[in-house]
Amino acid sequence: MTPLPALAWPTLGYRGLVHSGPTVRVRLDLAYDGTQFSGWAPQPGLRTVAGVLCEALATVLRTDLVRVVVAGRTDAGVHARGQVAHLDVPAPVLDALVARDDGAVGPAVLVRKLARLLPDDVVVHDAQVAPPGFDARFSPVSRRYAYRVCDTRRDPLTRAFVLHHRGLLDVDAMAEATGPLLGLHDFAAYAKPRPEATTIRTLLRFDWHRPDAGPDAGLVVADVEADAFCHCMVRSLVGACLSVGESRRDPTWPAQVLASGQRTCTVAPAHGLTLEHVTYPPDADLAARATQARARRDVPSD
């Protein structure tokens, strides 16, 4: 059997052994219902998406240590339909996995094997050898979220991923409020502070609309896209706009909050938020994009 393409990435423990040779970077595309998870990141004693996924990968790969890097670290209760992650696997380990599965082609075997081990609220849709320079966290050019609100007749079947709001929202006013927020800004007023973490982001899209067809018909939906997001940034933006939609605040208020740099808005509940898609540049630009994303961000001076 022809060995899989190998890249020189960090080592990975394997049944007490350490492979110092080449490893293969594998891209995973996955989705999950965040209702019963305490977020993505591993936390002692708590059920997390990364914890469940790494446990299943360790069993499949017969590996003592698995480290998964993700495009967007979702908070507790937040869902994902288009999450992306990567892991580095020693080439002999992956070759052995493929050899044990007659007819398997590359890391795609992981999809079938993980389906037998993962709980019903996590699904890995695809696994493939990542192109050179790919980094699930730093290579994306954008992440897109959707926030869903029901302000009319409540549907109990959607309670896990749609926020029920009492009272009709003024969607036009909410849409008007988003314009000044677009572009490169310091979103400190819409982020939970983290030591030494920048709050400068480029908000590429922020739309509020009420679809009249499709699965979201009748709901109030926000589509929010940025190069990256700060901790709780989307839910904070949504919370500010809900205040506008309730006519408690003027449409200019969210921009005033942004300019103030002070956290004064309510954070919307987590369960209405879903990570819908992560966009990557062409393969030839992956490494350069990752380098750019790691660089310090600054807001241009006037």
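Keep in mind that the numbers below use all heavy atoms, side chains included, and drop hydrogens, waters and symmetry copies.
The aromatic rings of His86 and Phe134 sit perpendicular to each other, their planes meeting at more than 60°, with 30° as the lower class boundary.
Under 4.0 Å is where a charged nitrogen must lie from a carboxylate oxygen, and between Arg210 and Asp151 at least one such pair does. With respect to Asp29 and Arg27, a salt bridge is recorded, a charged nitrogen being found less than 4.0 Å from a carboxylate O. Between Asp95 and Arg100 there is no salt bridge, since no side-chain nitrogen of the basic residue lies less than 4.0 Å from a carboxylate oxygen of the acidic one. A salt bridge between Asp155 and Arg153 is absent, with no side-chain N of the basic residue lying under 4.0 Å from a carboxylate O of the acidic one. Between Asp223 and Arg148 there is no salt bridge, since no side-chain N of the basic residue sits under 4.0 Å from a carboxylate O of the acidic one.
Side chains of Val109 and Leu97 form a contact here, defined as non-hydrogen atoms less than 4.5 Å apart.
Counting only N and O atoms by type, the side chains of Tyr32 and Thr74 include a donor and acceptor under 3.5 Å apart. Ser142 and Asp227 form no side-chain donor-acceptor contact under 3.5 Å, judged by distance and modelled atom types alone.
Looking only at distances, no side-chain donor or acceptor of Glu225 sits under 3.5 Å from a matching main-chain atom of Phe206. Within the 3.5 Å criterion, the main-chain N or O of Val78 finds no donor-acceptor partner in the side chain of Asp75. Remark: side-chain polar atoms of His271 are not paired, donor with acceptor, to backbone N or O of Gly77 under 3.5 angstrom. Judged by distance alone, with hydrogens and angles left aside, the side-chain atoms of Arg137 form no donor-acceptor pair with the main-chain N or O of Gly72 at under 3.5 Å. Between the Tyr280 side chain and the Ala136 main chain, a donor and an acceptor come within less than 3.5 Å of each other. The backbone N or O of Ala173 sits less than 3.5 Å from a side-chain atom of Asp170, completing a donor-acceptor pair. Between the side chain of Arg159 and the backbone N or O of Pro156, at least one donor-acceptor pair lies under 3.5 Å.
Between the CG atom in Leu94 and the CG atom in Leu87 there is a gap of 8.5 Å [rounded to 0.5 Å]. Distance CD/Gln43 to OG/Ser38: 6.0 Å, rounded to 0.5 Å. Separating the CG atom in Leu242 from the CG atom in Leu163 is a distance of 6.5 Å, to the nearest 0.5 Å. Between Lys192 atom NZ and Ser236 atom OG the span is 8.0 Å, to the nearest 0.5 Å. Annotation: the span from Cys232 atom SG to Leu273 atom CG amounts to 9.5 Å, rounded to 0.5 Å. For the atom pair CE of Met233 and CG of Leu203, the computed distance is 5.0 Å after rounding to the nearest 0.5 Å.
The number of heavy atoms from other shown groups lying within 6.0 Å of CZ (Arg154) does not exceed 12.
Checking each of Arg144, Arg143, Arg81, Gln83 against Glu276 for a side chain to side chain donor-acceptor pair (under 3.5 Å) leaves exactly one that passes, namely Arg81.
In terms of heavy atoms, Gly51 sits closest to Thr48 at N-OG1, 3.0 Å.
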Query - Derivation of the ring pair (Phe, Tyr, Trp, His ring centres under 6.0 Å) call for Phe229 and Phe187 - result: CA-CA 9 Å; Phe229 288 96; Phe187 285 92; 8.6 Å; no
